[in-house]
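Working notes for the structure below.
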Amino acid sequence: MELVIWIVIALFIFIYRKNDGTETFYNYLKQQFNFIYEKYAPYSYQTISAKVKELKQEYTFKDYVFQMVIIGGIAGALAYLYFYNLIIVIIYVGIAIAFVPYLAFLRSKRIYSEYLFEQIQIYTTNVIMEFNTTQSFVKSLEGVRDSGILENPVLDDVKTMIDMSYQNGTIDESIEYFNEKYPYYMVKNMHQLFLQITKEGARDSGEALENMSMDIDALVEGVYRDQMDRKQFHTKFLTFGMVLFLLVYVLQVLLGKASYMQLLGNWYVPFILHGIILINAYFLLTGEKYYNDDVGVE
């Protein structure tokens with residue numbers, strides 16, 4: 001076990017200290033990872049990755065290596081604690097490292113989702129403000145488009161809405177297009193209000209729009225509160241997950257290491273231990289996915 005720990009520490013120091021000859025090797029590996037993702041990953045991943053990079057929140061290659069060292073080290077320590085077998089340790093370390101890109105993707109997805117939610121908040125709030133002046137939904141969209149406050153991809157979709165409205169002579173299809181692209185409660189509710197105002201010809205829409213602005217503010221507040229709750233849950237969840245993994249250590253303390261090694265000699269005990277690891281790992285991955293799920297979306 002001490003040998004494994006020293007190897008992990010040595011790798012970590014080597015990676016962070018070497019910057020000359022190994023930097024080319026790092027860049028080569030990074031290019032290979034990017035090539036594989038660009039070739040096989042869905043369009044959604046490429047979009048998310050590009051935006052996270054633009055926001056300067058993308059993991060560097062050293063960040064990936066750091067994650068691999070930490071997660072691989074934890075996996076190796078737990079596997080050794082369970083089986084006291086270096087071959088099994090190596091296998092579990094490899095499996096754990098293979099999940100690092102997936103965990104990085106979940107993080108990128110959360111960052112992208114939070115960015116989109118902020119853009120949608122800006123979109124809804126400013127369209128309502130523009131409508132109070134122009135009394136025209138399309139003119140309101142044009143005002144928001146020209147204000148410079150929106151960024152892509154929402155900005156491009158607003159431009160598409162404007163083009164569709166002029167081509168069709170109605171706002172129905174453009175609203176349906178945007179609702180499908182961004183299925184947020186605030187978007188659907190606001191668009192429904194504008195449809196009613198446009199079709200029913202409401203003369204005094206000021207009060208309805210003011211109420212809509214208040215509803216949007218309340219929804220945004222609720223979403224940000226949910227984000228804070230998720231962060232607190234995430235910390236407690238990871239702690240609880242690690243405690244579940246360490247229950248086997250408690251069993252060893254109660255039985256004694258010698259008795260535990262004798263149990264490992266039974267053919268069915270390793271299967272049970274592998275099952276415990278798989279169930280706990282699935283539990284942790286499910287929690288990670290929940291934590292990084294879309295913000296403010298149905």
Side-chain angles (χ1 to χ4, degrees), residues 1-42 45-46 48-50 52-53 55-112 231 234-235 237-246 248 273-274 276-292:
M1 183 59 184
E2 289 80 4
L3 178 62
V4 174
I5 294 173
W6 280 111
I7 290 174
V8 170
I9 294 173
L11 278 173
F12 179 79
I13 295 173
F14 175 78
I15 289 164
Y16 270 77
R17 293 294 241 176
K18 286 286 187 179
N19 289 317
D20 34 292
T22 57
E23 190 67 34
T24 304
F25 178 67
Y26 296 152
N27 292 333
Y28 171 76
L29 285 180
K30 184 176 181 180
Q31 290 174 0
Q32 295 305 308
F33 276 120
N34 290 339
F35 172 76
I36 293 172
Y37 275 127
E38 288 175 3
K39 186 173 182 180
Y40 297 105
Y45 175 81
Q46 296 178 12
I48 292 171
S49 179
V52 171
K53 186 175 183 179
L55 295 172
K56 301 187 185 304
Q57 297 194 50
E58 183 188 33
Y59 270 168
T60 64
F61 187 73
K62 287 187 177 181
D63 290 329
Y64 276 112
V65 172
F66 180 77
Q67 291 283 322
M68 290 177 182
V69 170
I70 295 299
I71 294 176
I74 292 174
L78 289 174
Y80 188 82
L81 180 65
Y82 274 60
F83 302 102
Y84 296 96
N85 187 311
L86 285 179
I87 295 177
I88 296 178
V89 168
I90 293 171
I91 292 173
Y92 270 105
V93 168
I95 294 173
I97 289 175
F99 275 94
V100 169
Y102 174 69
L103 295 175
F105 169 70
L106 289 179
R107 172 185 174 273
S108 298
K109 185 179 177 184
R110 173 174 53 81
I111 293 172
Y112 184 72
K231 288 180 181 178
H234 186 239
T235 302
F237 176 81
L238 291 179
T239 303
F240 179 68
M242 291 307 301
V243 169
L244 289 179
F245 275 117
L246 293 175
V248 169
L273 293 177
H274 285 302
I276 292 172
I277 291 176
L278 291 177
I279 292 172
N280 288 346
Y282 177 78
F283 175 69
L284 284 174
L285 284 174
T286 303
E288 281 295 307
K289 186 176 183 305
Y290 167 77
Y291 172 64
N292 293 288

Taking only residues two or more places apart in sequence or in another chain, which ones pass side-chain contact (heavy atoms from CB on, under 4.5 Å) with [X]?
X: Phe237; result: Phe233, Phe283, Leu284
X: Ile97; result: Met68, Val93
X: Ile88; result: Phe83, Asn85, Tyr92, His274
X: Ala75; result: Ala96

task = Not counting sequence neighbours, which residues clear salt bridge (charged side-chain N to carboxylate O under 4.0 Å, His left out) with Lys289? List them please.
result = Asp293

For [X] against [Y], the heavy-atom pair lying closest together:
X: Ala281; Y: Phe245; value: N-CZ, 3.8 Å
X: Leu81; Y: Tyr84; value: O-CE1, 3.4 Å
X: Gln57; Y: Ile111; value: OE1-CD1, 3.6 Å
X: Arg107; Y: Asn292; value: CA-OD1, 3.8 Å

remark   = For residues 65-76, the salt bridge (charged side-chain N to carboxylate O under 4.0 Å, His left out) pairs (sequence neighbours left out) are none

task = State, yes or no, whether a side-chain contact exists between Leu285 and Leu103 at a heavy-atom distance under 4.5 Å.
result = yes

ask   = Is the closest side-chain heavy-atom distance between Asp63 and Glu58 below 4.5 Å?
value = no

